[in-house]
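Just the heavy atoms: all of them, side chains too, but no hydrogens, waters or symmetry mates, feed the values below. Sequence lines set the chain letters: A, B, ... in the order given, protein chains first and strands last, and positions in each chain run from 1.
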Number of protein chains: 2
Amino acid sequence: MRERVVAACDGASKGNPGPAGWAWVVSDDDERTPARWEAGPLGRATNNVAELTALERLLTAVDPDVPLEIRMDSQYAMKAVTTWLPGWKRNGWKTAAGKPVANQDLVVRIDELLDGRSVEFRYVPAHQVDGDPLNDFADRAASQAASVQEPAGSALGSAQPPPSPDTPKTAGAPRRKAPRTGGTASSRTISAKFPGRCLCGRSYAAGEKIAKNAQGWGHPECRTAEA
Amino acid sequence: MRERVVAACDGASKGNPGPAGWAWVVSDDDERTPARWEAGPLGRATNNVAELTALERLLTAVDPDVPLEIRMDSQYAMKAVTTWLPGWKRNGWKTAAGKPVANQDLVVRIDELLDGRSVEFRYVPAHQVDGDPLNDFADRAASQAASVQEPAGSALGSAQPPPSPDTPKTAGAPRRKAPRTGGTASSRTISAKFPGRCLCGRSYAAGEKIAKNAQGWGHPECRTAEA
RNA sequence: CGACACCUUAUUCU
DNA sequence: AGAATAAGGTGTCG
């Protein structure tokens, strides 16, 4: 059976409500290095709409047959689609205070995308000194998308999102620099002779352009380091 | 009724937290020239403890009957004793996040000093190219006190605090040099025949040494320019 | 009442 | 380029 893929998603809203954005990232096999990512603007929205949208876009972008581990820092978005959703279906989408559940459309849509899929949600705290690198990447990409209100991602050849001013950096300990990713393709691509699965979780068809990465063959934009 | 006196106060903390200092300055009638000032060390403290202490020392040093305009660059210290204090008294000194309010002792002490007094607070931005001269003076005096951890002031015959390296200098426009102040006394002093009020806002008693300044008689250390 | 997130402001600095 | 000291608010749920 295929190895589970690790991903993260996050939302941002400048002013809350205000200019908002979403982002997701699928990791390399080391579960730390961004292999493929995407971010987009939302116009004026709340933080929680942005968080839910990020999850919805991630599930839409990844092959439903691939087992996923999704890391997120929003307990609201995570519990909405896991803990609270069954009760809401039963009680006619009423909150404990008797009011209508907010963002019902997004929650329902995510519920549909989750159907028949293997997804494990995992809460990771935001903005930690030595926190999850994928969550940090998604946080920065979403914040950037919220600010500039422009799409970005590995498929668009975007540069890595800039560091957030509010994300604490690692203390003195020296760290290996993560391999560059996402940017312009540089090594050779070929046409696939057989269909297969990229490390990003999506399959590729025979005849599709693929490139070699450290773990095998896959989408050219999913290359993580030169072979 | 007596004219309002203009003053400024500021704090500094090298490293934050780190060696800290406070300073206040009372202006001449031109509202630009330092007439009387004082600065002191705090040992290891935070920037905000230094800011609040500077305000507390100013209020302690100035006659409570004199109406004051206080200029400061710390919105934290200013709003703490004006905007936020009433709410804190009501809610048992809890922050919006539900945590105990920091530096409560200093805020309470300042609240007591403010009682029955005429004080207008005025925010002035820090480190501006053509910013408030009194705030700049207090900034330099507090920074110096934080560095050397020694008291200073007009009453001690201290020299003017040195310029800060981080304060942007005025662009090309030529400016009149502010009259020298605060340093060693140089012109004649006499014994007051009657009690009176100095321009610094404090009164002097009959028999106390006084000196003539541009606006009249007052404390020798409050002289602003030679007559 | 509690939790998580999104922020906004100012200062202190390094 | 970075971090610490402090406060305020909204979005959402149990």
Side-chain angles (χ1 to χ4, degrees), chain A residues 10-22 42 45-52 54 72-85 87-88 94-104 106-107 123-127 129 135 139 142-143 146-147 162-172, chain B residues 10-22 45-52 54 72-85 87-88 94-104 106-107 123-127 135 139 142-143 146-147 164-166:
Chain A
D10 199 16
S13 168
K14 302 300 181 184
N16 188 35
W22 53 268
L42 272 175
T46 68
N47 64 325
N48 291 328
V49 165
E51 303 275 6
L52 288 170
M72 43 205 308
D73 59 30
S74 169
Q75 289 195 358
Y76 162 73
M78 193 171 125
K79 292 186 173 174
V81 300
T82 55
T83 311
W84 301 328
L85 202 153
W88 290 339
K94 292 297 179 210
T95 223
K99 310 213 289 188
V101 169
N103 310 317
Q104 182 185 340
L106 271 167
V107 176
Y123 167 71
V124 291
H127 313 129
V129 173
N135 172 258
D139 176 75
S143 180
S147 293
S164 313
D166 53 327
T167 306
K169 290 296 281 191
T170 303
Chain B
D10 198 15
S13 167
K14 302 302 180 186
N16 189 33
W22 55 268
T46 68
N47 65 327
N48 290 329
V49 165
E51 303 275 6
L52 288 171
M72 43 205 308
D73 58 32
S74 169
Q75 289 196 358
Y76 162 72
M78 192 170 124
K79 291 186 173 173
V81 301
T82 56
T83 310
W84 300 330
L85 201 152
W88 290 340
K94 291 297 179 209
T95 222
K99 308 210 287 190
V101 168
N103 311 317
Q104 182 185 341
L106 271 167
V107 175
Y123 168 71
V124 291
H127 313 128
N135 172 258
D139 177 73
S143 183
S147 293
S164 318
D166 53 325

Of the listed D:dA7, D:dC13, C:U12, the closest approach to the A:Trp84 side chain comes from D:dC13

- Query: So do B:His127 and B:Asp139 actually touch side chain to side chain, heavy atoms under 4.5 Å?
  - Reply: yes

Ignoring hydrogens and angles, does a donor from either the side chain of A:Asn16 or the base of C:C6 sit under 3.5 Å from an acceptor on the other? yes

To the nearest angstrom, the OH-P distance between A:Tyr76 and C:C6 comes to 14 Å

Which of D:dG14, C:A5, C:C13 is nearest the side chain of A:Thr95? It is D:dG14

When B:Trp88 and B:Asn47 are each assigned the nearest nucleotide of DNA chain D, the 5'-most assignment goes to B:Asn47

CD (A:Gln104) and CG (A:Leu52) are apart, to the nearest 0.5 Å, by 12.0 Å

Side-chain atoms of A:Ala126 come closest, of D:dG14, C:A5, C:U11, to C:A5

**Asked** Using a cut-off of 4.0 Å on non-hydrogen atoms, how would the nucleic acid contact of B:Thr83 be classed: base, sugar-phosphate, or nothing?
**Response** nothing

* Asked: Is the shortest heavy-atom distance from the side chain of A:Glu51 to the side chain of A:Asp10 under 4.5 Å?
  -> yes

A:Lys99 atom NZ is separated from D:dG11 atom P, nearest whole Å, by 11 Å

What I'd like to find out is whether the side chain of A:Trp84 reaches to under 4.5 Å of the side chain of A:Val101, using heavy atoms alone. no

With the side chain defined as heavy atoms from C-beta on, B:Val101 is closest, among C:A5, C:U12, D:dA7, to D:dA7

>> C:U11, OP1 or OP2 - any side-chain N/O from B:His127 closer than 4.0 Å?
In response: no

Checklist entry - For B:Gly11, which contact category applies under a 4.0 Å heavy-atom criterion: base, sugar-phosphate, or nothing? => result sugar-phosphate

B:Lys14 has its side chain closest, among C:U11, C:U14, D:dA6, to C:U14

Comparing A:Glu51 with B:Ser74, nearest RNA chain C nucleotide closer to 5' gives the residue A:Glu51

- No-H, no-angle donor-acceptor pair, B:Asn48 side chain to C:U11 base, under 3.5 Å: no

Just by distance, do the side chain of A:Ser147 and the backbone of A:Ser143 share a donor-acceptor pair under 3.5 Å? yes

In whole angstroms, the gap separating P of C:A10 from CG of B:Leu52 amounts to 18 Å

Per atom distances to the A:Ala102 side chain, the nearest of D:dT12, C:C7, C:U12 is D:dT12

Atom NZ of B:Lys79 and atom C1' of D:dT5 are separated, to the nearest Å, by 16 Å

Atom CE of B:Met72 and atom P of C:U12 are separated, to the nearest Å, by 11 Å

By the 4.0 Å heavy-atom rule, please label A:Ala80 as base, sugar-phosphate, or nothing. nothing

Here the distance between atom P of C:U9 and atom CD of B:Gln75, to the nearest Å, is 10 Å

Spell out, as yes or no, whether a donor-acceptor pair under 3.5 Å connects the side chain of B:Asn47 to the backbone of B:Asn16. no

A:Leu106 atom CG is separated from D:dT12 atom P, nearest whole Å, by 10 Å

Rounded to whole Å, the CG-P distance (B:Asn135 to C:A10) equals 15 Å

